[in-house]
Each structure stands twice: as C-alpha cells, then as structure tokens.
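Let me begin by presenting the structure, written as structure tokens, before commenting on it.
Quantities reported herein were computed from a predicted structural model and do not represent experimental measurements.
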Amino acid sequence: HQIPYIHVNDDEDLPLALGMVHAPLRLGQMELLRHVSQGRLAELFGPMLVDVDHSLRIVDFGKSAEDIWAQLPSPTRTWLERYVEGINYYRSQATQLSPELAVMGIRSTPWTVADVLTVGRLAGTDVNWLYWFFNMRIKDEQKWPELWERMIAHGQTSHPSFTPADGSAFHVFETMIRSGSNAAVISGTKSASGSALMAGDPHLGLMLPNFWLIVGCNAPNYQMVGLTMPGLPVVLVGRNESIAWGGTNMLALSSTFYDISSPDYDRSDTREEHIGVRWWFDKTVIVRDSDLGPIVSDAPLLSDASLPRLALKWRGHQPSDEITAFLRVNQARTWDEFTSAFTTYAVSGQNMLYADRQGNVGQVAAVSYNPAAGTANAEFFADPKNERHQWSEPISSIDLPSVYNPKDGYLVSTNNVPVKSDPPLAMFGISNDRYHALADAIDSVDQLSIGDLMRMQRSVYSRTSHQLAQRIAALGGQAGANPQLIETLAGWDGSYDVNSPGAALLEIVAYHLASRYYSSRYGEPISAYLLRSPAIYNFLLEDLQRPDCSSLLTMSFTAAEKDFTNGMSWGDLHVLKLRHPLGNIPVIGRKYQFGEHRVGGSTNTVMKRA
C-alpha cells in the first residue's frame with residue numbers, strides 16, 4: 001500500500017529515517033513547498049510568477065525562523081537536524097531524483113532547518129487571509145458594508161463544539177447552549193465496543209500526489225502511525241499505543257490588518273529581494289516593513305484593490321514552537337499530557353480532538369489567541385491608535401476552555417469554533433451542515449461502531465441545500481414553473497449523490513436565481529464573490545422570503561430548463577480532474593493528467609468535495 005513503517009532502536013534515528021522516507025517518495029512535492037514558502041516560484045515557472053514571488057516575499061513566511069530556532073529546546077533542535085540530515089543523505093546518494101525536479105528545472109540544493117521551519121510557517125497560514133483578500137477587492141462597492149455586516153452575522157451562527165462550564169478561567173467566554181475538515185470522537189460509553197472511537201478527514205485539495213503521507217513509526221519512545229506532511233518531521237493526525245488525535249482548522253483570528261495611512265506611521269524599513277526568473281532576466285524588488293508588520297498593500301497581487309497603506313500583524317511572524325508541541329502529542333499517553341503539549345503552539349488555530357484506550361474523549365483549542373484580533377477584525381481594517389485594536393500578551397491553549405468527557409458522550413468538529421466567545425475566536429464560521437450531519441447521525445444510534453463512523457464520513461447530505469430545494473419547489477410551484485422540474489426538486493432527498501438529478505437541478509436553478517438577484521441587489525462584483533461562497537445557500541434561504549427575490553424564480557426556472565437536459569445528474573456537472581500540479585502546464589502537462597471522474601458531495605457535505 002506504499003505506507004512505510006520505520007523501525008529504529010534509537011529515538012534520534014527516527015527523524016533521520018523519516019527524512020529518508022519523505023525524500024524519495026515526495027521530494028518534488030517538498031521542493032515545491034520549499035519554493036512557495038520562500039517566494040521562489042519564478043525560478044521554476046518563469047516570469048509570469050514574479051508578482052507572486054514579490055507578494056510572498058512581503059508576507060515573509062521565514063521571518064520568525066531564526067527566533068524560533070533560538071528558542072527551541074535542545075531535543076527538538078536535534079530532531080530537526082537529524083530530519084534534514086535524512087533528506088540530504090537521500091539527495092546525495094540517489095542516482096535519480098524525482099522526475100518533477102527536471103520538469104521544474106530544480107537543481108536540488110541541500111535542505112536546512114530554516115527551510116523546514118519556513119515550510120512549517122507556510123502550513124500555519126491564516127486561512128482568513130483568503131476572506132480578507134477577496135473582500136479587499138470589493139470593499140469600495142456601494143453595497144459592500146451591508147454585505148460585510150451580513151457575512152459577520154452569518155459567521156457567528158457557527159455551532160460551537162462544546163460549552164464550557166460556568167466559572168471558566170477565561171472570563172470573556174460566555175456560556176451558551178450548542179444550538180466544516182471533519183473530526184468526531186465517541187466515548188466508550190457510546191461505542192459498541194466500549195472503546196473510544198475517532199474518525200477524521202483533514203480537508204485539503206484533492207491532487208496527485210496526495211498532500212498527506214501515511215507513515216508508521218516504532219522507536220523506544222515513539223510508537224505511532226498517521227498522517228505526515230512531507231517537509232515536516234511529525235505525525236500531525238494519528239494514533240500511538242495509548243491515544244488518538246485529530247483536528248480541524250478553526251479559522252482562528254491570528255492576524256490584524258492595520259491602516260497605517262496616517263503620517264504618524266510613515267516610517268518603514270526597506271530591503272531588497274532578488275527574485276530568480278527561469279527563461280528571463282532576474283528581478284530585484286523592494287519590500288517594506290513597518291513596526292506593525294510588513295506593508296502588504298505593496299503586494300502586486302493586491303494592486304487592483306485600491307488599498308490604503310496596510311500593515312499585516314500575524315502571530316506567525318512571532319516565534320512559537322509547533323514542532324515540539326506535536327512531538328509531545330506523538331508521545332502523549334494521557335489527557336493531561338495531550339493538553340499540556342500545546343503550551344508552545346500558536347498557528348494555525350486547530351480544534352484538536354482526543355481519544356484514549358480507556359474510552360475518554362476531549363477537545364482542545366490549539367491556538368495562541370490575542371483578543372485584539374477578534375475585536376479589530378469586525379471593522380475590517382484596524383486603527384493602530386485604538387487601544388482595543390492593539391495586541392497584548394496572547395492567551396495560550398492551556399488558558400482557553402477545553403472539554404473532557406462531555407455528558408453527550410461525543411464531540412464533533414467541522415471547522416467551527418470550539419466555543420462561543422466575546423471577542424470571537426473566529427469570524428467566518430463554515431456552514432453548519434457538516435456539523436449537523438455528523439451530530440444527527442451520532443445521536444440516532446445508541447451504540448456506534450467503526451462502520452458507523454466510516455459511513456458518516458461518506459455522507460453527501462446537506463440540510464441547507466435540502467431546505468432550499470423545498471423552498472424553491474414550493475414557491476416555484478405557486479408561480480407556475482415547469483411541473484416536471486418542480487417534481488424533481490420536491491422529491492430530492494438532499495443528498496449530493498453522483499446519480500442525483502435533484503442535486504444537479506438545485507444547483508442550476510440556484511445559480512440562475514443567485515446570479516440575477518445578487519447582481520441586482522449588490523452589483524456584479526459582489527455577486528461574483530457570493531457565487532463562490534458557501535454562504536450562498538443560507539443567504540438564498542433567507543432572501544426567498546423577500547418578494548424581490550422570489551419574483552425572479554419564474555425566470556430562473558425558464559433559464560434552468562435550457563441547462564437541465566433529460567437524464568442529467570449531479571455527476572455530469574461535478575467532475576473531479578485527477579492531476580499532478582504539473583498537469584496545468586501546457587503541452588507537457590498532459591502526461592501528468594490522470595482522467596476525469598464523476599463524483600458526489602459538495603462544499604457543505606461531510607464528504608466535502610466542490
């Protein structure tokens with residue numbers, strides 16, 4: 001199955017062997033990650049990526065690498081050095097390296113610990129940047145403030161995984177009743193075997209090779225198996241002899257964008273960055289830093305956003321120690337050892353779930369959180385003079401609420417916040433559909449088996465889409481829309497099955513309705529943004545109560561009749577293109593493409609595909 005299992009007699013040989021496993025199986029992937037993290041893509045793909053490199057150099061993922069190294073405990077330093085030694089031993093001994101290197105024109109140079117730490121910071125990217133960068137391009141639209149307020153409100157409907165007990169040490173948290181990568185843990189009291197169960201799916205883009213590499217390890221003090229990320233020497237999701245751990249990204253707020261247009265913040269440090277360019281002339285660019293962080297408004301990729309001078313303050317630009325945290329998780333045997341492992345952890349914020357051999361389960365908020373980030377982000381661009389927007393000493397994972405053996409006997413995480421808070425830990429909560437699908441399935445069975453959890457992870461049901469289809473069918477029927485289409489929608493069970501005509505029809509009708517309604521209400525740029533957002537289903541459900549939206553259904557059904565051909569199903573529209581990243585290159589990319597496949601699921605289903 002190409003799952004390597006490493007046996008060593010000395011703990012310090014384990015990272016060496018892990019480097020010697022990662023390199024032959026994934027050196028091309030590792031080199032691509034190294035070049036992305038360092039802003040060196042133009043060296044591989046030519047002048048079209050110079051602006052991307054310039055923007056990456058401004059963000060500067062390696063900014064804190066030297067400070068991180070200075071603070072690492074001695075065993076972690078040795079671990080990293082041995083891992084790099086393993087990578088470089090393979091590089092020096094192999095007669096032929098990964099074929100991607102030749103295609104990308106990479107002359108593989110020796111890896112360093114700084115390379116690994118920088119790849120680690122890339123892995124800790126604040127995923128909220130995507131929301132900010134999209135919104136930066138539409139913030140000047142007349143209706144943008146209305147949309148921004150609505151998106152924040154939508155985000156705050158994210159269901160928490162648990163409710164802390166009254167008297168929580170972190171006093172800003174409110175006790176609220178529980179009214180998404182997926183992870184679920186089932187305590188021994190609710191499992192058929194009496195053992196704790198864990199199932200998880202860390203959602204990342206489907207590509208070849210897979211982003212993850214499963215590795216088993218057997219050393220005197222490390223017996224574990226699980227998912228590793230080539231380029232990092234730890235098991236990020238997995239199990240050892242005593243516990244299992246998994247998690248989902250909580251979209252935690254770890255960044256603040258400050259408007260430093262005021263002359264008070266005119267001072268900046270500048271440096272020159274040399275960008276190597278394949279097939280063209282190299283280029284030198286200027287990068288500016290302020291006291292609050294790099295000036296990201298200089299990034300060429302944001303040049304069309306008409307921004308004020310913006311500084312990015314990101315927790316990842318300050319030292320922290322995620323490698324030691326995961327090494328301690330890999331060795332943990334108890335709940336206390338598991339929770340204390342995250343003392344040095346900062347980015348990116350993760351909902352970390354726990355299960356052990358005794359049937360216990362729990363959840364930790366693994367993040368270094370600064371409340372000012374939660375306060376400032378609601379205003380989009382922060383004011384550096386506002387005291388409430390100024391960062392102070394962060395709150396670590398061990399000071400945030402956690403939960404151990406909840407009374408319900410299980411925990412579910414689907415990129416939602418672990419607990420409700422004020423200020424919020426996260427702003428952009430993912431659709432609750434995945435949370436409900438897992439929680440409802442768990443609640444429906446008294447004693448769960450491993451087979452039950454496997455079936456749950458393959459669920460393609462979406463509650464919100466199902467409700468939307470029913471609403472559209474009812475209103476469309478009243479408006480005299482095509483009876484056959486109404487019948488197809490009304491009879492749909494809400495599952496994005498590959499052979500489902502109802503799923504295909506809903507998406508087609510919803511597309512025509514949303515395109516018409518939101519371009520009229522908000523304008524074309526905002527409409528295009530919403531059509532890419534998972535929030536669109538909830539927005540349509542709300543807006544169909546408005547006459548100006550429901551009145552467009554007749555036209556939307558008429559347009560859908562032309563697109564929805566006889567016998568069409570969801571798989572005809574929803575196609576997975578299996579390809580290596582090099583498959584996107586003209587001409588030579590054809591050999592890295594491995595076919596197209598009709599697939600089920602959607603952006604809001606437990607089996608998340610979009």
Side-chain angles (χ1 to χ4, degrees), residues 4 6 8 11-45 53 56-57 60-125 209-213 215 217 227-236 273-276 278 316 319 321-324 326-327 330 581-582:
I6 298 168
V8 296
D11 287 342
E12 289 187 7
D13 287 338
L14 181 53
L16 174 81
L18 191 57
M20 293 173 62
V21 163
H22 278 171
L25 293 176
R26 300 290 180 83
L27 187 59
Q29 183 180 19
M30 291 165 63
E31 287 291 356
L32 187 58
L33 286 172
R34 176 160 69 157
H35 280 72
V36 171
S37 69
Q38 296 174 8
R40 296 169 52 205
L41 289 173
E43 293 178 15
L44 314 182
F45 303 114
D53 281 352
L56 289 170
R57 302 289 179 95
D60 193 2
F61 286 104
K63 183 174 184 177
S64 58
E66 188 174 329
D67 291 337
I68 292 173
W69 173 254
Q71 296 184 16
L72 290 177
S74 179
T76 305
R77 288 189 179 194
T78 301
W79 190 276
L80 286 165
E81 289 170 337
R82 293 287 275 169
Y83 178 65
V84 166
E85 184 182 345
I87 297 171
N88 289 331
Y89 180 82
Y90 169 75
R91 285 181 51 267
S92 66
Q93 297 297 314
T95 56
Q96 183 176 355
L97 297 178
S98 301
E100 299 104 317
L101 303 189
V103 176
M104 293 187 289
I106 295 177
R107 296 176 60 188
S108 180
T109 56
W111 275 64
T112 67
V113 170
D115 291 335
V116 175
L117 294 175
T118 303
V119 168
R121 272 305 187 247
L122 175 65
T125 297
N210 193 297
F211 186 84
W212 302 103
L213 179 66
V215 178
C217 304
L227 301 181
T228 64
M229 173 183 165
L232 296 178
V234 290
V235 173
L236 296 168
E273 290 277 343
H274 175 82
I275 297 176
R278 191 180 187 187
D321 185 2
E322 288 72 25
I323 299 295
T324 299
F326 272 105
L327 287 175
N330 294 171
L582 296 180

Interatomic spacing from CG in Leu72 to OG1 in Thr324 - rounded to 0.5 Å = 5.5 Å
Kindly give the heavy-atom pair with the smallest separation between Ser98 and Pro24, and that separation in Å.
-> OG-O, 4.5 Å
Just wondering, do Leu213 and Asn210 contact through their side chains at under 4.5 Å, heavy atoms?
-> no
All heavy atoms of Pro319 vs all of Ser64, minimum pair found to be N-CB, 4.2 Å
May I ask you to test the Val234-Leu327 pair for a side-chain heavy-atom distance under 4.5 Å?
-> yes
Taking atom types as modelled and ignoring hydrogens, do the side chains of Ser108 and Glu31 form a donor-acceptor contact shorter than 3.5 angstrom?
-> yes
Arg121 side chain to Gly316 main-chain N or O, any donor-acceptor pair under 3.5 Å?
-> yes
Calculate, to the nearest 0.5 Å, the distance between atoms CD and CG belonging to Gln71 and Asp321 respectively.
-> 8.5 Å
Take Arg82 and Asp13, measure what salt bridge (Lys or Arg N to Asp or Glu O under 4.0 Å) needs, and give me the verdict at the end.
-> CA-CA 7 Å; Arg82 293 287 275 169; Asp13 287 338; 2.5 Å; yes
Do you know which two heavy atoms are closest between Asp115 and Arg34, and how far apart they sit?
-> OD2-NH1, 2.8 Å
Between Tyr83 and Leu232, which heavy-atom pair has the shortest distance, and what is it?
-> OH-N, 3.4 Å
Pairwise side-chain contact, Val36 with Leu33, heavy-atom cut-off 4.5 Å (strictly under) | no
Do Leu80 and Leu117 have side-chain heavy atoms sitting under 4.5 Å apart?
-> yes
Arg278 versus Phe45: any side-chain heavy-atom pair under 4.5 Å?
-> no
Looking at the rings of Tyr90 and His22, which for Trp means the six-membered one, are their centres under 6.0 Å apart?
-> no
Any idea which heavy atoms bring Ile323 and Pro233 closest together, and the distance?
-> CD1-CD, 4.2 Å
Do the side chains of Leu14 and Trp79 get nearer than 4.5 Å, heavy atoms only?
-> yes
For the residue pair Val119 and Met229, establish whether any side-chain heavy-atom pair is separated by less than 4.5 Å.
-> yes
Check: Arg57 side chain, Gln38 main-chain N or O, donor-acceptor pair, under 3.5 Å = yes
Reported CZ-to-OG1 distance for the pair Arg107 and Thr109, which is rounded to 0.5 angstrom = 9.5 Å
Where Phe326 and Val235 come nearest, the two heavy atoms and their spacing = CD2-O, 3.8 Å
Atom CG of Leu16 and atom OG1 of Thr78: how far apart are they, to the nearest 0.5 Å?
-> 12.5 Å
Exam field: side chain Arg77 to backbone Trp69, donor-acceptor pair closer than 3.5 Å = yes
Output yes when a side-chain donor or acceptor of Gln29 lies under 3.5 Å from a complementary backbone atom of Gly231, and no otherwise.
-> no
Distance, nearest 0.5 Å, that separates CG of Leu27 from CD1 of Ile87 | 8.0 Å
Any donor and acceptor pair, going by atom type alone, linking the side chain of Asp53 with main-chain N or O of Ala42 inside 3.5 Å?
-> yes
Assess whether side chain to side chain contact (heavy atoms under 4.5 Å, CB included) is satisfied between Phe61 and Thr125, documenting all intermediate values.
-> CA-CA 9 Å; Phe61 286 104; Thr125 297; 3.3 Å; yes
Can you check side chain to side chain contact (heavy atoms under 4.5 Å, CB included) on Met20 and Ile6, steps first, answer last?
-> CA-CA 10 Å; Met20 293 173 62; Ile6 298 168; over 6 Å; no
How about Gln93: does its CD atom have over 12 heavy atoms from other parts shown lying under 6.0 Å from it?
-> yes
Distance-only polar pair, side chains of Thr118 and Ser37, donor-acceptor under 3.5 Å | no
When rounded to the nearest 0.5 Å, the distance separating CE of Met104 from CG of Leu32 is 5.5 Å
